[in-house]
Amino acid sequence: MTPVETSAEFDMKNDQIAAVFAQLSDLLEIQEANPFRVRAYRSAGRTISSTAESFAALVEEGADLTRFSGIGKDLAKQIVEVVTTGQHSQLAELKQQVPAGVVDMLRIQGVGPKKVAVFFNKLNLTSLDELKAAAQAGELAALNGFGKKTEQSILANIDRAAEAGKRISIADARAAAEAIVQDLLRLDTVTQTAVAGSCRRRRETCGDLDVLATSSDATAAMDRLAAHPLVDSVLQRGDTKQRVRLKSGVEMDLRVVADSSYGAAMQYFTGSKEHNVVVRQRAKDMGLKVNEYGVFRGDDQIAGATEEDVYAALDLPWIPPELRENRREFDLAATGVMPRLVEVGDIKGDLHMHTTASDGAASILQMAEAAKARGLKYIAITDHSKRVSMANGLDATRLRAHWDDIRAAREQIDGIQLLCGIECDILEDATMDLADDVLAEADWVVAVLHYGLQQPREQIMKRLMNAIQNPHVNIIGHPTGRLVGKRDGADINMTEMLQAAAENGVMMEINAHFKRLDLDDVNAAAARDLGIPIVISTDSHSVNGFDVLQYGVDQGRRASLTKDDVANTKTWAQFKKLLQR
DNA sequence: GCCGTTTTCGGCCCGACTGTTTTCAGTCG
């Protein structure tokens, strides 16, 4: 492909491009297009949004987009059209034919493209409000293939459609799922139980919860779940599967299988869907069949009790759940050995935390004692700089006095190193919040964006580049500034930022707080590929703040980071050497 | 629409649950 000559903007984000193809697949589905074509569009959207490189930049370079799996000649052309014109001609056409309100109907539980097509084509309904009115008037039950129950179900779920797709944080998901798992284990008839689904894959957020149990008595397990104090109501119940709504609004599936199927069921219910499609296709190619009950050759179950057996039957090493997204796990598996991913126990230092000097709740010594109690060997105290006045940020004078306090604290505690650090704001005008001579005195400088996150990409990049080129900056903290599910990050050219960091020896943080978790999995993997040391830090504001470390490590695992990729797994002696820039 | 030691056509993962049906389609994960 030759570079594209155009005057159009090349600043479209991957998520925006992906959204075009997601919309296309919804619309095509309502129009009853070939389901595999719909899937191709949906998969292309997923590929684009889970790629660190900017597709806009790739188009600008004239790169061959068909090197991405699932993107062929046709989709490559469509991506070029979207990037260069900001439009997709077929999407525009489809939007003329199908009003947006019709697409909204897809969000109603139990309503899919086929039903939506009937509402639109037979009854001319074009919005959720019109659909609701029709249901109340009994018009839906009169349709061929519909009945009173479907109509009632739509009425029951239509008001919830607006919040459908809402996801909860991994922290909330784990708390709820693990409470229920522990409760099920109290039943004598339940032998094994575990959390599966996106929660087990440790995604940042979960749309629903999946719990698996093995038991000779599925009825007892389902009754137990139905009676759990966290449960609001039972939505579905069959012989082996029950779906409930929790009081928090989140829905949970419980699946009960026999012990001989536990591994296969775990594999199946852990997903992701895309990972499982590849697994099952692979089985098919080998003359086998995989379902939630096991791996089968003909009618013979040849594996199923453990996940290891299931993967082994397919000539695959066991794949850690965090990697099961059909990204690179099958390439890694092809080498025969999966990398040993970083673990919480590997972490020896925490390099981002606050004290009462700014907006923390504990003293320097209290934080150090708490860190030491958790087995950490070194920490950096990184209170806010003055720009963050709301958090009582430090100016040069207060910071120097604070550093004196940190040095004094070193005398009062053994077995843990204390670094004099600072979380220094990168100001809107691209200068640092503290002067170079102050930063030069620090052991550890975390540079961050807090304000002006809405600035245009050019200015955001100027700020990040200045910080990265500042010889006193060690690391960029929570690099995008996004808040999971609440706020998009700044408009960053990730490739450019990471390249600059690699060239200047600046590290990148995975902020372990479950509301941040950036760099995210995709970008952290890209950083690692460039040889950038990653630091997983908690940003603790209290002695309990260290609890979030697990979430950061999980994000690192999703990025397939090993211990070697994470700088704060080093011993203090090794880490000290990394500090020389 | 993608893909290919079954490569340019003919496939494309698999099963539970529900509701509307008398044998299956739609939805969901």
Side-chain angles (χ1 to χ4, degrees), chain A residues 21 24-25 28-30 32-47 65-79 90 105-119 140-154 156-157 164-165 196-201 206-212 218 222 234-244 251-257 261 264-265 267-296 314 326:
Chain A
F21 292 99
L24 262 170
S25 48
L28 286 169
E29 207 169 19
I30 291 170
E32 297 183 65
N34 176 347
F36 297 106
R37 188 172 161 229
V38 173
R39 187 210 273 180
Y41 278 108
R42 199 154 276 152
S43 132
R46 260 180 40 86
T47 299
L65 302 180
T66 63
R67 75 176 156 91
F68 292 94
S69 163
I71 294 177
K73 254 177 92 176
D74 201 75
L75 275 164
K77 241 173 84 182
Q78 295 184 38
I79 293 168
Q90 197 192 354
M105 296 177 192
L106 286 174
R107 294 205 305 265
I108 305 168
Q109 177 90 258
V111 174
K114 297 282 163 60
K115 289 195 174 88
V116 169
V118 172
F119 299 149
L140 305 188
L143 288 164
N144 213 353
F146 288 74
K148 213 68 209 155
K149 284 198 171 175
T150 303
E151 194 170 73
Q152 287 309 310
S153 148
I154 287 172
N157 290 317
S198 53
C199 186
R200 184 172 179 230
R201 300 200 311 278
C206 298
D208 67 358
L209 302 173
D210 296 279
V211 169
L212 179 69
M222 288 193 255
V234 175
L235 302 174
Q236 276 187 356
R237 178 157 174 168
D239 295 335
T240 66
K241 184 178 149 184
Q242 176 172 257
R243 189 168 178 88
V244 299
E251 295 179 8
M252 171 183 280
D253 277 323
L254 169 67
R255 188 70 186 269
V256 188
V257 298
S261 294
Q267 196 286 320
Y268 172 56
F269 287 106
T270 297
S272 65
K273 199 197 285 187
E274 292 76 12
H275 175 88
N276 285 354
V277 168
V278 176
V279 166
R280 289 169 181 218
Q281 184 60 52
R282 182 183 178 95
K284 217 173 165 181
D285 293 345
M286 295 170 73
L288 304 170
K289 185 175 78 167
V290 175
N291 58 27
E292 56 263 58
Y293 301 109
V295 182
F296 294 86
L314 305 173
N326 190 24

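Everything quoted here is computed from the prediction, not taken from an experiment. Proteins get letters first, then strands, A, B, ... in listed order; numbering begins at 1 in each. Heavy-atom basis, side chains included; hydrogens, waters and symmetry copies ignored.
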At their closest point, which heavy atom of [X] faces which heavy atom of [Y], and how far apart are they?
X      : Y      : answer
A:L106 : A:P113 : CD2-N, 3.5 Å
A:Y268 : A:N276 : O-ND2, 2.9 Å
A:T270 : A:R200 : OG1-NH1, 2.8 Å

Using a heavy-atom cut-off of under 4.0 Å over every strand shown, decide if [X] touches base, sugar-phosphate, or nothing.
X      : value
A:V279 : nothing
A:T240 : sugar-phosphate
A:D74  : sugar-phosphate

Please give the distance between the [atom1] atoms of [N] and [M] as a whole number of Å.
N      : M      : atom1 : result
B:dT6  : B:dG11 : P     : 16 Å
B:dC9  : B:dC14 : C1'   : 25 Å
B:dT5  : B:dG1  : P     : 23 Å
B:dC17 : B:dC12 : C1'   : 25 Å
B:dT23 : B:dC28 : P     : 26 Å
B:dT20 : B:dG29 : C1'   : 22 Å

Quick one: are [X] and [Y] in side-chain contact, heavy atoms under 4.5 Å?
X      : Y      : answer
A:M222 : A:L254 : yes
A:I154 : A:F119 : yes
A:T240 : A:V257 : no
A:D253 : A:F269 : no
A:F21  : A:L75  : yes

Original post:
Using purine N1 to pyrimidine N3 plus N6-O4 or O6-N4 for Watson-Crick, or N1-O2 and O6-N3 for G-U wobble, each under 3.5 Å, what pairs with B:dT8?
Top reply: none
When the distance from [atom1] of [X] to [atom2] of [N] is rounded to whole Å, what number comes out?
X      : N      : atom1 : atom2 : value
A:D239 : B:dG15 : CG    : P     : 16 Å
A:L235 : B:dG19 : CG    : P     : 11 Å
A:N34  : B:dC2  : CG    : C1'   : 11 Å
A:M222 : B:dA16 : CE    : C1'   : 11 Å
A:Q78  : B:dG1  : CD    : P     : 6 Å
A:L212 : B:dA16 : CG    : C1'   : 14 Å

Original post:
Does a nitrogen or oxygen in the side chain of A:N291 sit under 4.0 Å from OP1 or OP2 of B:dG15?
Top reply: yes
Original post:
Within the structure, does a side-chain N or O atom of A:T150 lie under 4.0 Å from either OP1 or OP2 of B:dT20?
Top reply: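 Yes, because at least one side-chain N or O of A:T150 sits under 4.0 Å from OP1 or OP2 of B:dT20.
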Original post:
Is it true that the side chains of A:Q78 and A:Q90 contain a donor and an acceptor less than 3.5 Å apart?
Top reply: no
**OP:** Mark up nucleotides 3-9 of chain B, 5' to 3', with B wherever a protein heavy atom is under 4.0 angstrom from a base atom, S wherever such an atom reaches only the sugar-phosphate, and - elsewhere.
**Re:** S------
**OP:** Indicate for each nucleotide in nucleotides 21-29 of chain B, in 5' to 3' sequence, whether protein heavy atoms under 4.0 Å reach the base (B), only the sugar-phosphate (S), or nothing (-).
**Re:** -----SSSB
Original post:
Within the distance-only criterion (no hydrogens, no angle test), does the side chain of A:R282 pair as donor or acceptor with the backbone N or O of A:L314 below 3.5 angstrom?
Top reply: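 Yes, the answer is positive, given that a donor and an acceptor are paired below the 3.5 Å cut-off.
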Subject >> Nearest-neighbour nucleotide for the A:Y293 side chain, B:dC17, B:dA16, B:dC12 considered >> reply: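 The nucleotide sitting nearest to the side chain is B:dA16.
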Original post:
Of A:K148 and A:Q281, whose nearest nucleotide on DNA chain B comes first from the 5' end?
Top reply: A:Q281
Subject >> Whichever of A:K149 and A:K284 has its nearest DNA chain B nucleotide further upstream toward 5' >> reply: A:K284
**OP:** State which residue, out of A:V277, A:V279, A:V278, fulfils the side-chain contact (heavy atoms from CB on, under 4.5 Å) condition with A:H275.
**Re:** A:V279
